[in-house]
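Right, one structure below, let's go through it.
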Amino acid sequence: MLFLALETSCDETAAAVFTDEPRILSNVVASQNELHARFHGVVPEIAARAHLRNLLPVIDEAIRQAGVQLSDIVCVAVHNCPGLVGALLIGVSAAKMLSVALEIPLVAVNHLASHIYACRLAAERDIFPCVGLVVSGGHTALFHCEDALTMKLLGGTRDDAAGEAFDKVASILGLGFPGGPALEREAVAGNPQAYKFPRSFVNEPRLEFSFSGLKTAVLYTIHGQNVARSQTPPSGQNRSDLAASFQQAVVDVLAAKCKLAIQQTGLKRLAVGGGVIANKALRSALEAMAQREGAELFIPPMNLCTDNAAMAALAVEKWRRGEFATLELDAEPNFL
Ligand code: KG4
Ligand code: ZN
């Protein structure tokens with residue numbers, strides 16, 4: 001049985017083909033980084049237009065790389081939530097069109113559930129029940145994942161996502177977009193103790209995040225409170241110290257809240273997805289924390305951490321249960 005899945009929730013246009021095992025046959029991702037770089041962040045209107053241009057060629061490429069025919073596909077899956085609504089709509093419309101044209105069922109998949117399912121795909125064994133952490137440019141949230149399809153939100157961010165904070169602080173420091181990788185490189189030469197930045201809610205027993213105060217603290221540390229955006233960014237050792245101290249604050253908060261989620265739920269497994277887990281300092285901190293807590297840590301390879309359509313292989317579970325979407329399916333910006 002062959003499945004085709006589409007992902008257009010943010011700024012990656014992606015399509016994947018997988019079997020019902022599930023086994024991934026192709027996983028094609030077209031990045032829009034170059035289009036958004038000069039804005040230092042994803043511009044929703046530009047993202048939607050780029051999906052419109054890129055999606056059909058990306059689907060063709062996924063079918064070609066899998067070595068199959070479109071007519072072999074038995075089910076089409078799509079991430080319909082959460083994400084940028086205009087961006088999601090492109091994938092949802094294309095999936096509906098394929099469902100009608102090929103006379104095959106349509107399955108709607110939650111993008112955040114897919115990020116956790118990427119750990120299951122990579123592990124090639126059951127990882128549920130587990131604590132799930134999604135940490136990306138658009139999301140920072142902890143879940144109690146009963147099984148692949150049943151997840152309860154334990155807590156999310158009140159403002160910026162962790163990746164968004166990396167991107168914004170990178171911009172303040174005069175680094176490129178996406179900011180996460182650039183800031184991590186800058187932090188290598190820096191002292192993580194040089195600046196004592198705030199760690200929101202870190203000593204409180206609630207599973208919530210807030211990163212906007214941290215971002216503002218970095219800004220005020222550099223420019224003072226009467227900041228003008230035209231001021232020159234810091235350079236040299238000071239810039240490295242600022243990057244390292246900011247990164248350490250984010251890592252400390254994420255590790256502390258994952259530990260709290262493990263303790264509060266009693267679950268001894270932590271599955272992590274989203275682009276920010278590329279960060280080596282975060283990986284090391286989570287590995288050390290999981291070891292201390294006697295918990296198993298699941299982190300997929302990078303091509304399954306960042307946005308992709310292969311992680312939507314979760315659709316196979318829905319397909320088995322007969323949970324199909326109708327043509328009424330809509331794009332939903334929020335987590336449902
Ligand atoms: O999951 P993803 O590819 O897209 C979504 O946002 O859904 O995540 C992208 C985010 C960006 O904010 C990027 O700056 C961040 O992940 N990121 C990193 C690193 N690599 C990517 N953040 C910190 N350190 C990194 N090495
Ligand atoms: Zn994502």
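Numbering of ligands and ligand atoms starts at 1, following listing order.
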**OP:** Compute both the distance and the angle, then confirm whether Arg206 meets the cation-pi test with Phe201: under 6.0 Å from the six-membered ring centre, within 45 degrees of the axis.
**Re:** yes
Subject >> Numbering as shown, the atoms of ligand 1 that approach Ser136 to under 4.0 Å (heavy-atom distance) >> reply: 1 (O), 5 (C), 6 (O), 7 (O), 8 (O)
Subject >> side-chain contact (heavy atoms from CB on, under 4.5 Å) partner of Leu2, the single match among Ile104, Asp72, Val74 >> reply: Asp72
Original post:
Just checking, is any N or O donor in the side chain of Glu12 or Gln32 under 3.5 Å from an acceptor N or O on the other one?
Top reply: no
Original post:
When only distance counts, is Pro178 in polar contact with ligand 1, meaning an N/O pair under 3.5 Å?
Top reply: no
Subject >> For Gly275, atoms of ligand 1 separated by under 4.0 Å from a heavy atom >> reply: 1 (O), 2 (P), 8 (O), 16 (O), 17 (N), 18 (C), 19 (C), 20 (N), 21 (C)
Original post:
Would Gly138 count as a contact of ligand 1 if the rule is a heavy atom under 4.0 Å away?
Top reply: yes
Original post:
Are side-chain heavy atoms of Phe3 and Ile73 found at a separation under 4.5 Å?
Top reply: no
Original post:
Name of the His111 N, O or S atom nearest the Zn ion (ligand 2)?
Top reply: NE2
**OP:** Would you check the N or O atoms of Glu184, main chain and side chain alike, for any that come under 3.5 Å of an N or O of ligand 1?
**Re:** yes
Subject >> Contact partition for Asp167 relative to ligand 1, non-hydrogen atoms under 4.0 Å >> reply: side chain
Subject >> For Tyr195, the option from Thr221, Asp241, Asn238 that meets side chain to side chain donor-acceptor pair (under 3.5 Å) >> reply: Asn238
**OP:** Please check if any side-chain donor atom of His111 sits under 3.5 Å from a side-chain acceptor atom of Asn80, or the reverse.
**Re:** no
Subject >> ligand 1 to Asp307 polar contact by distance, N or O atoms, under 3.5 Å >> reply: yes
Original post:
How about Gln247 and Ser245: does a side-chain donor come under 3.5 Å of a side-chain acceptor?
Top reply: no
Original post:
Is any N or O atom of Asn279, backbone or side chain, closer than 3.5 Å to an N or O atom of ligand 1?
Top reply: yes
**OP:** Could you list the atoms of ligand 1 found under 4.0 angstrom from a heavy atom of Thr306?
**Re:** 1 (O), 3 (O)
**OP:** Please report which non-hydrogen protein atom sits nearest to atom 15 (C) of ligand 1, along with the residue it belongs to and the distance in Å to one decimal place.
**Re:** Val276 CG2, 3.9 Å
**OP:** Quick one: look up the protein heavy atom nearest atom 22 (N) of ligand 1 and list residue, atom name and how far away it is.
**Re:** Gly180 CA, 3.3 Å
Original post:
Going by atom types alone, do Thr265 and His144 pair a side-chain donor with an acceptor below 3.5 Å?
Top reply: no
Subject >> Cluster overlap Trp319 with Met311, hydrophobic side-chain contacts below 4.5 Å >> reply: no
Original post:
Is the distance from the Zn ion (ligand 2) to some N, O or S atom of His115 under 2.8 Å?
Top reply: yes
Original post:
Do the ring centers of Phe166 and Phe211 come within less than 6.0 Å of each other?
Top reply: no
**OP:** Output yes if Cys10 passes the N/O/S-under-2.8 Å test against the Zn ion (ligand 2); output no otherwise.
**Re:** no
Original post:
Hey, which atoms in ligand 1 end up nearer than 4.0 Å to a heavy atom of Ala278?
Top reply: 20 (N), 26 (N)
Subject >> the Zn ion (ligand 2) - closest N/O/S atom in Asp307 >> reply: OD1
**OP:** Indicate the ring-plane relationship of Tyr117 and Phe128, choosing parallel, tilted or perpendicular according to the 30° and 60° boundaries.
**Re:** parallel
**OP:** Measure Pro181 to ligand 1 on non-hydrogen atoms and call it side chain, backbone, both or neither using the 4.0 Å cut-off.
**Re:** both
**OP:** Ignoring angles and geometry beyond distance, decide whether Gly137 reaches within less than 3.5 Å of ligand 1 through its nitrogen or oxygen atoms.
**Re:** yes
